[in-house]
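Comments concern the structure below.
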Amino acid sequence: MKQGVVYLEGRPIAHPMHRRFAEAVTEYIDFIDVRMQWQDLGRSYLYNLICWFVNAKYLSSKYKSQDIFLIDNLHFTPVIMNMLFARPRKKLVVHLGSHTLYFIREKKFSRLNSWLHKQALQRYDALICEGQMAREIVTELLGEKAPKTYVTFLGPPSERVKALQSIKYANFSKVILIIANGPSDFRLFYKGLDVMIKAFGLAANQIADIKLKILGAWNEATIAKLLTGLEEHISSRISFEGSVTSIEDYLAEAGLCLHCSRGDAFPTSTIEAMTAGVPVIVSESTGTKEVLELVDSRLISSLDENQIADKIIWFFELSEHEKLMLSAACKREAENFTEEKAKEHYVKTFNNICKKLTLSRK
């Protein structure tokens, strides 16, 4: 089906791994707003709406010979294309690997916006959910109206896995690591950086020598906001390391990682930490909780700073032997989540979808 598939990504570009998966199933890769750009421009709703219709008509004409459209994350344009312009109708498959589903469920969009998203979602022919959490949310949102849903996953590439597996876990370390890139307020909220810093502050009052290192690009204004209200003896133990080219050195000195996000679908940073043998505490709203559950359910917390703080304190009260056992379990489970295995699973899943969609057309 490679010649009959088009992949449409958003701007500025799709997740690098999503793009590599797409390259394995099609030669036709384009932007969702190829004819009239709207993404990342911050224009009015009316302007965006016009762009959706213009691009819908253009894509139906440009890819008249292709039968299946694979879309990176939920978009309205392909639905509009099918409703008004595509004859015969195209089969639409969406790869859901962002915060969108969680934000709809938690009513972070307006009522109209959420309704439109759900209307669009049920008009796709198949959904590829990144992780079980995304599938669970789809079921909550759409119930019996949900299209056929499939689950995939992500993981680090083999060269990264080799480097990460060579790290010796520092089970004596009191350094906590957060890997979360900014710098926008949206990313701060989405990644749960605010709640994790509050939790660290509570735990640091109980454990005098723990430290927190945060990897990722965060501007001075955001950092100041995050540290506001913390006592100096707490804030002095928090360091923002900025963007780094390699996380191996940081993982080698970390005793624990935190990733308590608000809807992060399947963050590979948690898998990378586990591959290095560093245990991770995640929120129940982080997609990779399904992997941590296989290690120890106590590594999963609600999105509450008090409970996250209690989890941090629990972890650092473990013996060094118990930490080593958790480290070994993390490494073992992470072996099942590599980019190569993820890509193989994705291609097999997508080919199965194409086969069913082709048969349904006949």
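Residue indices begin at 1 and follow the sequence shown.
- Using a 4.0 Å cut-off between charged side-chain N and carboxylate O, K148 and D125 make no salt bridge.
- Ion pairing between a basic and an acidic side chain is recognised when a charged N comes within 4.0 Å of a carboxylate O; D310 and R298 show no such pairing.
- Residues passing the side-chain hydrogen bond (donor to acceptor under 3.5 Å, both in side chains) test with S239, sequence neighbours excluded: E241.
- In this structure, the ring pair (Phe, Tyr, Trp, His ring centres under 6.0 Å) partners of F153, at least two apart in sequence or on a different chain, are F337, H345.
- The backbone N or O of A309 lies less than 3.5 Å from no partner atom in the side chain of W314, so there is not a single donor-acceptor pair.
- Side-chain heavy atoms closer than 4.5 Å link hydrophobic residues (I, L, V, M, F, W, Y) into clusters, and following such links, even through other members, never connects F266 to V161.
- Partners of K118 by side-chain contact (heavy atoms from CB on, under 4.5 Å), not counting sequence neighbours, listed by chain and number: I104, L141, L142.
- With sequence neighbours excluded, the residues satisfying ring pair (Phe, Tyr, Trp, His ring centres under 6.0 Å) with Y190 are H99, F186.
- The shortest distance between side-chain heavy atoms of I300 and E293 falls below 4.5 Å.
- Side-chain atoms of S319 and E322 form a donor-acceptor pair, as typed in the model, at a separation below 3.5 Å.
- The aromatic rings of F103 and F189 sit perpendicular to each other, their planes meeting at more than 60°, with 30° as the lower class boundary.
- Remark: the Q3 side chain and the Y28 side chain contain an N/O donor-acceptor pair separated by less than 3.5 Å.
- S61 is linked by a side-chain contact (heavy atoms from CB on, under 4.5 Å) to nothing, counting only residues two or more places apart in sequence or in another chain.
- Judged as a ring pair (Phe, Tyr, Trp, His ring centres under 6.0 Å), and not counting sequence neighbours, Y102 has no contacts.
- Surrounding NZ of K331 are more than 12 heavy atoms belonging to other residues, nucleotides or ligands, all under 6.0 Å away.
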Quick one, E305 with L202, criterion side chain to side chain contact (heavy atoms under 4.5 Å, CB included). Give me CA distance, side-chain angles, the key distance, then yes/no. CA-CA 8 Å; E305 60 259 34; L202 294 171; 3.9 Å; yes
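- For S110, the side-chain contact (heavy atoms from CB on, under 4.5 Å) partners at least two apart in sequence or on another chain are L112, N113.
- The main-chain N or O of S114 is never found under 3.5 Å from a side-chain atom of K107 such that the two would form a donor-acceptor pair.
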Check the pair K191, D264 against salt bridge (charged side-chain N to carboxylate O under 4.0 Å, His left out), reporting the backbone distance first and the verdict last. CA-CA 7 Å; K191 291 296 183 180; D264 209 346; 2.7 Å; yes
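- Using a cutoff of 4.0 Å between basic side-chain nitrogens and carboxylate oxygens, K62 and D30 are scored as salt-bridged.
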Please list, one pair per line, the donor and acceptor atoms closer than 3.5 Å that link side chains of residues 34-47 to other protein atoms, with sequence neighbours excluded.
residue	atom	partner	partner atom	Å
Q39	OE1	R11	N	2.8
S44	OG	Y47	N	3.1
Y47	OH	Q37	O	3.1

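- Between atom CZ of residue R87 and atom CZ of residue R89 there is a gap of 10.0 Å, rounded to the nearest 0.5 Å.
- A donor-acceptor pair under 3.5 Å is formed between the side chain of T149 and the backbone N or O of P147.
- Under a 3.5 Å cut-off, the side chain of T228 and the backbone N or O of A224 do form a donor-acceptor pair.
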Working note: V93 + Y150, criterion side chain to side chain contact (heavy atoms under 4.5 Å, CB included); need CA distance, chi angles, decisive distance, verdict. CA-CA 10 Å; V93 183; Y150 304 80; over 6 Å; no
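- If you check the side chains of T222 and N219, you find a donor sitting under 3.5 Å from an acceptor.
- Cluster annotation: I29 is connected to F350 through the hydrophobic network of ILVMFWY side chains, with a link wherever side-chain heavy atoms come within less than 4.5 Å.
- Between R19 and E23 there is a salt bridge, with a side-chain nitrogen of the basic residue lying less than 4.0 Å from a carboxylate oxygen of the acidic one.
- A salt bridge does not link E106 to R262: none of the charged side-chain nitrogens sits closer than 4.0 Å to a carboxylate oxygen.
- For E130, the side-chain hydrogen bond (donor to acceptor under 3.5 Å, both in side chains) partners at least two apart in sequence or on another chain are H18, H95.
- Checked against side-chain contact (heavy atoms from CB on, under 4.5 Å), V175 has the following partners two or more places apart in sequence or in another chain: S173, K213.
- Annotation: side chain of L121 is not in contact with side chain of K145 (no heavy-atom distance under 4.5 Å).
- For NE2 of H321, the number of neighbouring non-hydrogen atoms (other residues, nucleotides, ligands) closer than 6.0 Å is 12 at most.
- Between I238 and F200, some side-chain heavy-atom pair lies under the 4.5 Å cut-off.
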Given F109 and T100, is the side chain to side chain contact (heavy atoms under 4.5 Å, CB included) satisfied, shown in steps? CA-CA 9 Å; F109 298 143; T100 302; 4.1 Å; yes
Evaluation steps, side chain to side chain contact (heavy atoms under 4.5 Å, CB included), between L215 and L177: CA-CA 8 Å; L215 307 186; L177 194 64; 3.9 Å; yes
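- Residues in residues 214-237 take part in these salt bridge (charged side-chain N to carboxylate O under 4.0 Å, His left out) pairs, two or more places apart or across chains: D185-K225.
- Residue pairs meeting the side-chain hydrogen bond (donor to acceptor under 3.5 Å, both in side chains) criterion with at least one member in residues 273-289, sequence neighbours excluded, are S261-T286, T270-T288, S283-T286.
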